[in-house]
Amino acid sequence: MSQEILIGLDCETECAVDGCSGSDCQHALIPHQARITVVGAYWEVMGAPCRRVFRDLAELRLFLDTFPELMILAFNGKFDMKMLRYHGVNIPIERWVEDPCLQAVASYVKVPEDYLQWYEAKRKEHNKARKKGRAHREAGQHSLKVLAPYFLGVDPFWEPEDHDDDQYVLLDTEYAYKLHSVLQTMLKEQGTETFYREKLLPWSRMFLEAEERGVMLDMDLVNRGAAESEAMAKEAKEALDKLWAPAYAAQRLQAKAQLADQYGAMETKAIAKLKVSTDERVRKTIEKYHGLYLQAVEKIEPFNMGSPSQLKWLLRDYLGLDIHGYDGKESTDAEVLERLAAEGREDVKLLLKYREQTKLASTYFPAYKEMARDGILHGSFNLATARTGRTSSSNPNLQNQPRSLRQIFRARPGYKLLVKDLGAIEPTLIAYYSECPVLYDVLAAGKDFHGFNANVIFGQDWDLKALKKERPAERDMAKEIGLSVLYGAGGTRIRIASMKRGYHWSDEKCRQIASNLRAAWPGVTDFKRQLDAAARAGKPITNMFGRKRQFTDPDDVAMHAFNSLIQGTGSDLLLDGTHRALQEMRSKGIDAHLLMTVHDELICEVPEGRAEECDAIVTRCLTDYKLETPHGLVPLTVEGGIADTWTK
DNA sequence: GAACCACGCGCC
DNA sequence: AAAGGGCGCGTGGTTC
């Protein structure tokens with residue numbers, strides 16, 4: 001058997017959409033809207049560098065087929081693999097075995113903040129000097145642009161004007177290849193290599209397949225919904241235009257007066273400057289500036305209710321409304337508008353409706369229409385963006401889809417969607433890490449966590465079993481406040497939550513409630529203190545999956561260490577469980593696919609006939625972690641089930 | 001015209 | 001002592 005050899009590959013892509021001229025065009029990132037211009041390859045034989053450039057993908061395919069001992073190293077390989085596989089180079093995902101980007105994610109030693117800032121300054125300098133070609137975008141802490149100069153000590157490098165330059169693609173590939181061995185040594189020393197190899201890499205492969213599979217949309221619903229939201233937004237706007245016509249007129253008058261002042265001043269100045277001040281010259285000057293004034297009046301923009309600053313003027317200055325939020329700051333956000341609407345402002349109700357519908361009509365429906373190919377939406381999932389270790393999603397972001405639109409996401413014919421989410425995962429993990437006896441008791445005994453908080457907040461001793469039915473409003477408020485305080489919120493947050501519901505509690509009372517809640521979870525408060533101290537001392541914080549994060553700025557620790565640990569662990573637990581479930585389903589010959597994850601939720605597509613079986617496997621894999629504490633195991637729970645669409 | 005920022009809002 | 005955190009995207013508005 002021939003020995004495996006690592007080969008670094010890097011794809012350069014460009015926008016392949018006819019007539020696209022968008023400056024912030026993302027098409028080069030979307031397989032079916034991109035073209036691969038060139039692929040660079042770099043490897044070493046007995047320490048000697050070998051380089052090769054492929055412009056013909058058939059040639060690359062032949063090359064890879066001919067040398068099966070070549071295993072692939074690629075920086076953010078999910079992207080390159082996706083591009084290559086989409087464009088006909090059918091590389092099995094198992095052949096992608098190294099990814100320096102994921103190594104950098106696993107490493108708790110990061111590129112320092114001041115280096116990033118230095119690089120940022122360099123980048124801006126370069127962009128300014130650039131004559132043509134695309135500007136360089138901000139480089140994140142896990143980008144090759146930053147990692148290579150920092151860890152390899154090479155100069156910052158920039159893409160050439162002609163994008164398929166041989167030298168450039170080879171440089172990229174070589175840096176990725178060399179970065180790999182530097183980081184490999186680092187990860188070994190840190191004890192993070194296993195996390196990289198056994199967790200991040202398999203997860204990234206898992207997302208590669210999820211992205212390739214994509215999720216089916218009900219395009220009839222999309223088209224209907226798009227038309228409907230546009231119509232409703234238009235309707236709300238027209239009604240508002242009528243109600244606010246006097247305000248628009250006033251704004252216009254004000255703008256005209258301002259222009260009159262402005263041009264009047266210019267006119268006076270010009271007349272004063274006249275060398276020969278004949279009546280004729282003066283008359284001409286006046287005519288000139290009056291003409292300019294009239295031109296400017298023509299150009300006065302109509303009132304734009306999409307502009308927060310204009311809205312502020314209308315609501316506050318013209319209508320005389322109080323637009324202070326519960327945090328004391330002026331704003332036109334939903335919180336302020338909802339208060340005004342509750343006070344009976346019909347126009348503000350319409351504005352809220354307008355906002356809601358324009359959000360759908362400008363953000364979500366267009367994305368479905370433009371980004372779905374053949375009715376299938378292929379989002380992208382990123383393991384290297386969120387500092388906590390959560391995944392993020394983009395192009396489009398599948399993790400912020402409005403609940404009201406989720407029926408658009410459907411299972412393919414013959415399949416079902418298996419939608420499962422981890423129940424109260426964050427309180428569960430807080431109980432595990434903090435070993436707080438009270439929190440453990442509430443969760444282990446299946447008591448009502450929010451009801452418990454309601455009693456603390458209202459100073460009552462209500463029956464926990466009956467509270468959900470008898471005092472839903474109080475429980476709902478406790479849900480918001482209790483979780484917030486557990487995550488670190490204070491009195492301000494409580495004031496906001498209570499004022500929203502019509503309470504008028506003093507700052508002092510709110511601070512007292514926050515303090516009472518912290519005292520109600522003594523273990524949590526202690527643990528947070530200890531964790532903060534460790535983080536401030538620069539100690540890397542390790543979670544149960546081997547993910548490590550270090551804080552280098554002691555001032556940045558407040559709340560971050562704790563939230564990062566909890567969020568990151570929740571995310572890791574979901575991904576790990578999902579990955580194991582998929583392996584098991586595949587090993588049983590089930591044609592199951594992951595479609596997406598949303599932090600504590602997964603959506604799989606499973607064959608109709610085996611959906612129950614899959615449900616059982618997923619449920620078991622998500623709950624079989626042993627969350628041991630001195631008081632016993634903290635139970636993990638899973639909710640959700642089998643459906644045709646993404647709804648519960 | 002491009003880059004950047006603030007705001008607002010969808011989700012967890 | 002006090003403090004929620006994490007994302008991506010569209011729009012308006014400013015600046016170079």
Side-chain angles (χ1 to χ4, degrees), chain A residues 21-26 120 123-124 127-128 130 134-138 301 304-312 325 329-337 351-352 355-367 371 379-406 421-422 424-426 430 480-494 496-497 507 510-511 514-515 517-518 525 528-529 532 555-568 570-571 574 596-602 646:
Chain A
S21 57
S23 62
D24 53 347
C25 150
Q26 300 275 310
E120 221 358 50
R123 178 183 71 91
K124 283 181 177 159
N127 275 348
K128 230 175 222 168
R130 163 187 61 101
R134 292 172 64 92
H136 282 78
R137 299 174 192 196
E138 187 164 355
E301 295 284 341
N304 183 350
M305 63 180 78
S307 156
S309 72
Q310 294 189 43
L311 216 43
K312 262 185 190 168
K329 288 184 203 136
E330 288 192 334
S331 163
T332 69
D333 66 12
E335 186 188 278
V336 169
L337 298 187
L351 179 60
L352 278 165
R355 280 246 179 101
E356 183 189 314
Q357 296 302 319
T358 48
K359 181 84 175 174
L360 299 180
S362 69
T363 304
Y364 295 102
F365 287 115
M371 310 201 73
S380 174
F381 294 88
N382 200 335
L383 291 169
T385 306
R387 282 175 298 197
T388 52
R390 269 191 177 180
T391 55
S392 75
S393 167
S394 58
N395 300 319
N397 181 354
L398 294 173
Q399 295 178 324
N400 73 345
Q401 297 301 313
R403 301 193 81 85
S404 65
L405 300 187
R406 292 188 177 183
D421 67 290
L422 295 162
I425 186 63
E426 297 198 344
I430 292 172
E480 182 178 333
I481 293 177
L483 283 176
S484 298
V485 172
L486 213 50
Y487 301 152
T492 314
R493 189 76 194 190
I494 294 177
I496 291 170
D507 284 355
C510 291
R511 273 200 296 276
S515 154
L517 279 167
R518 282 195 287 270
T525 311
K528 209 178 288 177
R529 232 194 320 268
D532 270 17
D555 296 334
D556 185 44
V557 166
M559 291 325 305
H560 290 101
F562 182 78
N563 277 313
S564 193
L565 176 66
I566 302 305
Q567 278 194 5
S571 176
L574 182 84
M596 50 201 274
T597 65
V598 191
H599 310 307
D600 65 353
E601 178 180 11
L602 69 89
W646 183 16

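Chain A is the first sequence line, chain B the second, and so forth, proteins listed ahead of strands; every chain is numbered from 1.
- A/T391 comes within 4.0 angstrom of no nucleic acid atom, judged by non-hydrogen atoms across all strands.
- At a threshold of 4.0 angstrom between heavy atoms, the contacts of A/S393 are confined to the sugar-phosphate backbone, with no base atom among them.
- Partners of A/D600 according to the side-chain hydrogen bond (donor to acceptor under 3.5 Å, both in side chains) rule, which considers only residues two or more places apart in sequence or in another chain, do not exist here.
- Nucleic acid contact for A/A514: none, since no nucleic acid atom lies under 4.0 Å from a heavy atom of the residue.
- For the pair A/L311 CG and B/dC7 P, the computed distance is 14 Å after rounding to whole Å.
- Note on A/A558: a base of the nucleic acid sits closer than 4.0 angstrom, heavy atoms only.
- Rounding to whole angstrom units, OH of residue A/Y364 and P of B/dG8 are separated by 17 Å.
- A/R493 is linked by a salt bridge (charged side-chain N to carboxylate O under 4.0 Å, His left out) to nothing, counting only residues two or more places apart in sequence or in another chain.
- Neither side chain, A/S394 nor A/N397, offers a donor N or O lying under 3.5 Å from an acceptor on the other.
- Close to B/dC9, at under 4.0 Å from its OP1 or OP2, lies a side-chain N or O of A/R355.
- A donor-acceptor contact shorter than 3.5 Å is absent between the side chain of A/E335 and the backbone of A/G325.
- A nucleotide of DNA chain C counts as in contact with chain A when one of its atoms lies under 4.0 Å from a heavy atom; the first and last such, 5' to 3', are C/dA2 to C/dG13.
- Distance, A/L602 CG to B/dC12 P: 14 Å, rounded to whole Å.
- Within the 4.0 angstrom heavy-atom criterion, only backbone atoms of the sugar-phosphate kind lie near A/G491; the bases stay farther away.
- To the nearest angstrom, P of B/dC11 lies 14 Å from CG of A/L398.
- The nearest whole Å value for the distance from the CD atom in A/E601 to the C1' atom in B/dC11 is 10 Å.
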| said: For a salt bridge (charged side-chain N to carboxylate O under 4.0 Å, His left out) check, start with the C-alpha distance between A/E120 and A/R123, then their side-chain angles and the critical distance, and finish with the verdict. | reply: CA-CA 5 Å; A/E120 221 358 50; A/R123 178 183 71 91; 2.6 Å; yes
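- Residue-level contact check: A/E356 touches neither bases nor backbone, having no heavy atom under 4.0 Å from any strand.
- Residue-level contact check: A/T358 touches neither bases nor backbone, having no heavy atom under 4.0 Å from any strand.
- A/T358 places a side-chain N or O within donor-acceptor distance of the main-chain N or O of A/R355, the cut-off being under 3.5 Å.
- At a threshold of 4.0 angstrom between heavy atoms, the contacts of A/R123 are confined to the sugar-phosphate backbone, with no base atom among them.
- Nucleotide B/dG10 holds its P atom 11 Å from the CD atom of A/Q357, rounded to whole Å.
- Under the 4.0 Å criterion applied to side-chain N and carboxylate O atoms, A/R403 and A/E601 are not assigned as salt-bridge partners.
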